[in-house]
Every structure is written in C-alpha cells, then in structure tokens.
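Before any comments, here is the structure.
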Amino acid sequence: ANCVFTQALKDRFADSGIKAVVATPGGSVTNLQSNTGTTGGMQGNMWILRFCQTAEDGAMPILAACMDPSTENGDFWDPSGTLTGPAVKISWSKSCLDPDNKKNIWEWSEEACGKFEI
C-alpha cells in the first residue's frame, strides 16, 4: 500500500519539483519487530537476524532516497540483495503502477484522513 500510495503521490507532484520516493531498510537488526502482532514479535525467529544487516546499513536506502543527487520523483530504493547490501534503485512491481490501484489507494486514504489537495 505504501508503494502504491507513493506512485499516486508521484503522479500528483508531476513537475512541481517535489519528489515522492520510497525506501526500505531490508533486513536490519533493530528492535522494531520485538512486539509485532499477536505472535510476540520475532522472538521465536531470531535466527533470521544472522542474515540481516546493521541498523546503520539499513538506513542507507533511506539516506540515498533523501540525499542522492540521482534520486528522481517516483524512485524506489532498496538494499541490492533485498535483505542486505548497498542501496540501489529498484524497479516497481506492476501492481504499484496500476492506475486503478493508485486511484483506489488515493480515494481510500482520503476517506480515512479527509480530502487533501496538492
């Protein structure tokens, strides 16, 4: 949903000079999942952290999205290896680019938060 919303926002910003971008930290060793959902977080699955990167390395796609001069409106930054690795721009899935999905997520967001104009 975040990715589809970013694409809808990108369309609305168009040539305004404002950028809508998205970034993911991949697999990063933090305490963010320590109390997720009803399963008690990832306590039972801590073995997966062996395959993750540091929180600092996880911040790199977010920093790239904000600071890299090559970042353009609508870019998606991710670790190069999905879970770990240097920050790279990645391609969008077809569902994120689907005009109906973008229209729906925008309308649902306005229903939840109120109408807003850009």
Side-chain angles (χ1 to χ4, degrees):
N2 288 337
C3 292
V4 176
F5 185 86
T6 299
Q7 282 296 306
L9 190 58
K10 177 201 94 160
D11 293 346
R12 282 160 179 78
F13 284 158
D15 297 322
S16 71
I18 300 171
K19 299 174 185 176
V21 298
V22 67
T24 174
S28 301
V29 181
T30 69
N31 67 350
L32 291 176
Q33 289 80 26
S34 63
N35 60 2
T36 55
T38 58
T39 62
M42 294 182 62
Q43 272 58 358
N45 295 312
M46 296 305 276
W47 60 269
I48 199 163
L49 296 179
R50 291 183 288 174
F51 303 102
C52 294
Q53 59 192 359
T54 65
E56 293 82 3
D57 287 340
M60 296 310 292
I62 299 162
L63 290 172
C66 294
M67 304 298 292
D68 191 295
S70 73
T71 297
E72 297 178 359
N73 189 20
D75 279 348
F76 188 163
W77 287 86
D78 194 36
S80 60
T82 304
L83 282 178
T84 63
V88 295
K89 292 182 194 181
I90 64 169
S91 299
W92 290 92
S93 69
K94 289 180 183 179
S95 63
C96 291
L97 301 173
D98 182 273
D100 289 333
N101 290 344
K102 292 190 285 185
K103 177 182 173 288
N104 289 336
I105 197 73
W106 194 265
E107 289 174 357
W108 296 333
S109 296
E110 286 189 330
E111 286 175 20
C113 300
K115 190 161 181 68
F116 44 94
E117 296 293 327
I118 296 179

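Computed over heavy atoms, backbone and side chain alike; hydrogens, waters and symmetry mates excluded. The model shown is predicted, which means the values in this text are computed figures rather than measured ones.
- In this structure, the salt bridge (charged side-chain N to carboxylate O under 4.0 Å, His left out) partners of Lys103, at least two apart in sequence or on a different chain, are Glu107.
- By the side chain to side chain contact (heavy atoms under 4.5 Å, CB included) test, Thr84 pairs with Gln53, sequence neighbours left out.
- Note that NZ of Lys102 and NZ of Lys10 are 5.5 Å apart. Values are rounded to the nearest 0.5 Å.
- Ile18 and Leu9 end up in the same hydrophobic cluster when Ile, Leu, Val, Met, Phe, Trp and Tyr side chains are linked at under 4.5 Å.
- Residues Val88 and Leu63 do not share a hydrophobic cluster, clusters being chains of Ile/Leu/Val/Met/Phe/Trp/Tyr side chains in contact below 4.5 Å.
- One finds the CG atom of Leu83 at 9.0 Å from the CG atom of Asp78 (value rounded to the nearest 0.5 Å).
- Contact detail for Asp98 and Asp100: the closest heavy-atom pair is OD1-N, 2.9 Å.
- A donor and an acceptor atom, one from each side chain of Ser95 and Ser93, are located under 3.5 Å apart.
- Atom OG1 of Thr24 is separated from atom CD1 of Ile62 by 7.5 Å, given to the nearest 0.5 angstrom.
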Please determine whether side-chain contact (heavy atoms from CB on, under 4.5 Å) holds for the pair Trp77 and Asp68, giving the CA-CA distance in whole Å, both sets of side-chain angles, and the decisive distance to 0.1 Å.
CA-CA 10 Å; Trp77 287 86; Asp68 191 295; 3.8 Å; yes
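- With sequence neighbours excluded, the residues satisfying side chain to side chain contact (heavy atoms under 4.5 Å, CB included) with Cys3 are Val22, Phe76, Trp92, Cys96.
- Separating the CE atom in Met60 from the CE atom in Met67 is a distance of 11.0 Å, to the nearest 0.5 Å.
- A centroid separation of 6.0 Å or more is found between the aromatic rings of Trp108 and Phe5.
- The distance from the CD atom of Gln7 to the CD1 atom of Ile105 is 12.5 Å, given to the nearest 0.5 Å.
- Under a 3.5 Å cut-off, the side chain of Ser28 and the backbone N or O of Ala59 do not form any donor-acceptor pair.
- With values rounded to the nearest 0.5 angstrom, Asp11 atom CG is found 8.5 Å from Asn73 atom CG.
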